[in-house]
Amino acid sequence: MANVFDTLKERGFIAQCTNEAELRELLEKEKVTFYIGFDPTADSLHAGHFIALMAMAHMQRAGHRPICLVGGGTGTVGDPTGRTDMRKMLTDEDIEHNCECFKKQIARFIDFRDGKAIMVNNGDWLRKLNYIDLLRDVGACFTVNRMLAAECYKQRWEKGLTFLEFNYMVMQGYDFLELNRRYGCKLEMGGDDQWSNIIAGVELNRRKNNTAVYGLTNKLLTKSDGKKMGKTAGGALWLDAEKTSPYEFYQYWRNVDDADVEKCLALLTFLPMEEVRRLGALQDSAINEAKKVLAYEVTKIVHGEAEAEKSQKSAEAMFGGSGAGADIPEVAAEAGSKLLDVLAAGKIVASKSEGRRLIQQNGIALNDVKVSDVDYVLTEADFTDGAAIVKKGKKKYFKLVK
């Protein structure tokens, strides 16, 4: 069997790692306990978390043991990474609720039977720490100069970095130390924006326990133009079917840019790489077949085979001419246009004021997704084979055609 490091590398997961040669050898020789942390900033995981869950699943399939850490402690502070302002402070009740939601979702991707994986909450130790003891025991291991140089803090200089947020790196580093002590955890994984925090944990283990541990980051889920994936007309692309329907989820992946198909197939499905490369090499209209495979496989992993099949059939009926998309009025539209302008120009609404009112009252859906933003701009991802479906009210359908 191939080393899982090679599998992750071939599929495009790996962005950075500490001491590649040693880590590769470790993964070859041992059943390695590793962890990924998920802070409970909402009551559902989203598309950005999905790539980390897939990396974790590949590791488990290769025989290694995941620790899924939910941030009942770190969630009280909030990770400043990638933020230009301070995160909204959550109540303890919100944090507990969100952690429970995360646990249920993660269990759909990771096998926890017979000790094959562990679920922990860092609130179990972080909330019990004595501040003075922490300063003396751990604070001495962190150099402020080095912390200030971390990319996760640089983006906050203009608006100011609170002392509360400055402690986040210390807390995440302490998590790795605690997990190593409790479970023999030797590897922390996470998104590439977590590199500085992961390095802090690697260094803390070395300084406090003289223990060799490792860090590995996966690439973030971005489009070919560098922008983040996972935004829809209704907001974020959630993994919870109540927040993002399986059909909407399917349609998102069905409409990814041609240039992103092979990357998404490699990162977000378990298809063999020979098949991924074959599908990714398809050109022109044939690439739509690859997109259908991508949408089906990703939806199957997240929502189950039955929902994937149902979403596939609904999409074919909607856009193939046998369902709501058949024999309905067509309106010209282009990617880059404001949806509100298209609605008014195409006489779907009598005026822009009516269009605004309908959107604010959840009366307009785009490809079966409620539009929540009156300023929403159509993107290429909204069009399937050159068409998008607008639903006005409960029964009136219109086809937007490029």
Side-chain angles (χ1 to χ4, degrees), residues 16-18 33-41 52 67-90 92 95-96 98-99 102 120-157 159-217:
Q16 301 183 77
C17 69
T18 60
T33 297
F34 68 99
Y35 97 94
I36 298 179
F38 302 90
D39 269 349
T41 53
I67 298 176
C68 304
L69 181 145
V70 291
T74 44
T76 63
V77 173
D79 185 359
T81 302
R83 304 283 299 189
T84 57
D85 57 356
M86 187 172 170
R87 292 182 186 274
K88 177 185 175 183
M89 297 293 287
L90 299 173
D92 286 349
I95 290 171
E96 183 178 358
N98 294 349
C99 283
F102 276 23
V120 298
N121 186 327
N122 63 15
D124 291 346
W125 54 82
L126 291 178
R127 288 173 178 266
K128 297 175 183 176
L129 290 173
N130 177 285
Y131 187 58
I132 293 177
D133 290 344
L134 179 68
L135 286 177
R136 290 174 63 87
D137 186 40
V138 176
C141 299
F142 286 80
T143 305
V144 172
N145 303 45
R146 187 167 179 181
M147 292 175 71
L148 292 175
E151 195 62 39
C152 59
Y153 292 146
K154 285 182 180 178
Q155 299 178 30
R156 294 301 306 279
W157 291 148
K159 292 195 175 181
L161 177 72
T162 66
F163 183 67
L164 174 72
E165 297 168 294
F166 190 62
N167 279 269
Y168 189 89
M169 182 183 290
V170 177
M171 296 173 75
Q172 185 167 331
Y174 188 85
D175 281 344
F176 200 176
L177 182 68
E178 190 70 22
L179 292 173
N180 179 262
R181 288 171 173 170
R182 292 185 179 212
Y183 305 106
C185 180
K186 293 185 179 181
L187 172 66
E188 179 179 0
M189 297 172 63
D192 201 36
D193 55 354
Q194 292 297 308
W195 180 246
S196 298
N197 293 331
I198 289 173
I199 290 296
V202 171
E203 287 295 309
L204 184 60
N205 272 281
R206 182 182 62 81
R207 288 170 178 264
K208 292 299 299 179
N209 292 345
N210 195 28
T211 302
V213 296
Y214 305 88
L216 185 152
T217 61

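- Side-chain contact between Y214 and C17 is absent, with no heavy atoms from C-beta onward closer than 4.5 Å.
- Put simply, CD1 on I67 and CZ on R182 are 10.5 Å apart, with the number rounded to the nearest 0.5 Å.
- In this structure, the separation between CG on N130 and CG on L135 is 9.0 Å, given to the nearest 0.5 Å.
- Under the 3.5 Å distance criterion, with hydrogens and angles disregarded, a donor-acceptor pair is assigned to the side chains of E188 and Q172.
- No side-chain heavy atom of D39 sits less than 4.5 Å from a side-chain heavy atom of F102.
- A 6.0 Å sphere centred on CG of N210 holds no more than 12 heavy atoms belonging to other residues, nucleotides or ligands.
- Heavy-atom minimum distance, N121 versus C99: ND2-SG, 3.9 Å.
- Side chain of T217 to backbone of Q16: a donor-acceptor contact under 3.5 angstrom is found.
- For the atom pair SG of C185 and CD of E178, the computed distance is 11.5 Å after rounding to the nearest 0.5 Å.
- The shortest side-chain heavy-atom distance between I198 and M189 does not fall under the 4.5 Å cut-off.
- When side chains are defined from C-beta on, N122 does not count as touching Y174, because their heavy atoms never get closer than 4.5 Å.
- A distance of 10.5 Å separates CD1 of I36 from CG of L69, quoted to the nearest 0.5 Å.
- Distance check, rounded to the nearest 0.5 Å: CG of N205 to NZ of K186 gives 11.5 Å.
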Please lay out, stage by stage, how R146 and I199 fare under the test side-chain contact (heavy atoms from CB on, under 4.5 Å).
CA-CA 11 Å; R146 187 167 179 181; I199 290 296; 3.8 Å; yes
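- The shortest non-hydrogen separation linking M169 to S196 is CE-CB, 4.0 Å.
- A 4.5 Å side-chain heavy-atom check between K208 and D137 finds at least one atom pair inside the cut-off.
- Side-chain atoms of L177 and R181, non-hydrogen and from C-beta on, do get closer than 4.5 Å to each other.
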Evaluate the side-chain contact (heavy atoms from CB on, under 4.5 Å) criterion for residues V170 and L204: first the C-alpha distance (whole Å), next the side-chain angles of each, then the deciding distance (0.1 Å), finally the verdict.
CA-CA 9 Å; V170 177; L204 184 60; over 6 Å; no
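- One distance of note links CZ of F166 with CE of M171; it measures 14.0 Å at 0.5 Å rounding.
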Would you check, one step at a time, whether the test side-chain contact (heavy atoms from CB on, under 4.5 Å) holds for W125 with L179?
CA-CA 10 Å; W125 54 82; L179 292 173; 3.7 Å; yes
With side-chain contact (heavy atoms from CB on, under 4.5 Å) as the criterion, how do L216 and F34 come out once you've worked through the C-alpha distance, each side chain's angles and the decisive distance to 0.1 Å?
CA-CA 10 Å; L216 185 152; F34 68 99; over 6 Å; no
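- Minimum interatomic distance between P40 and G75 (heavy atoms only, all atoms of both residues): CD-CA, 4.2 Å.
- The shortest side-chain heavy-atom distance between R127 and D92 falls under the 4.5 Å cut-off.
- No side-chain heavy atom of T41 sits less than 4.5 Å from a side-chain heavy atom of N98.
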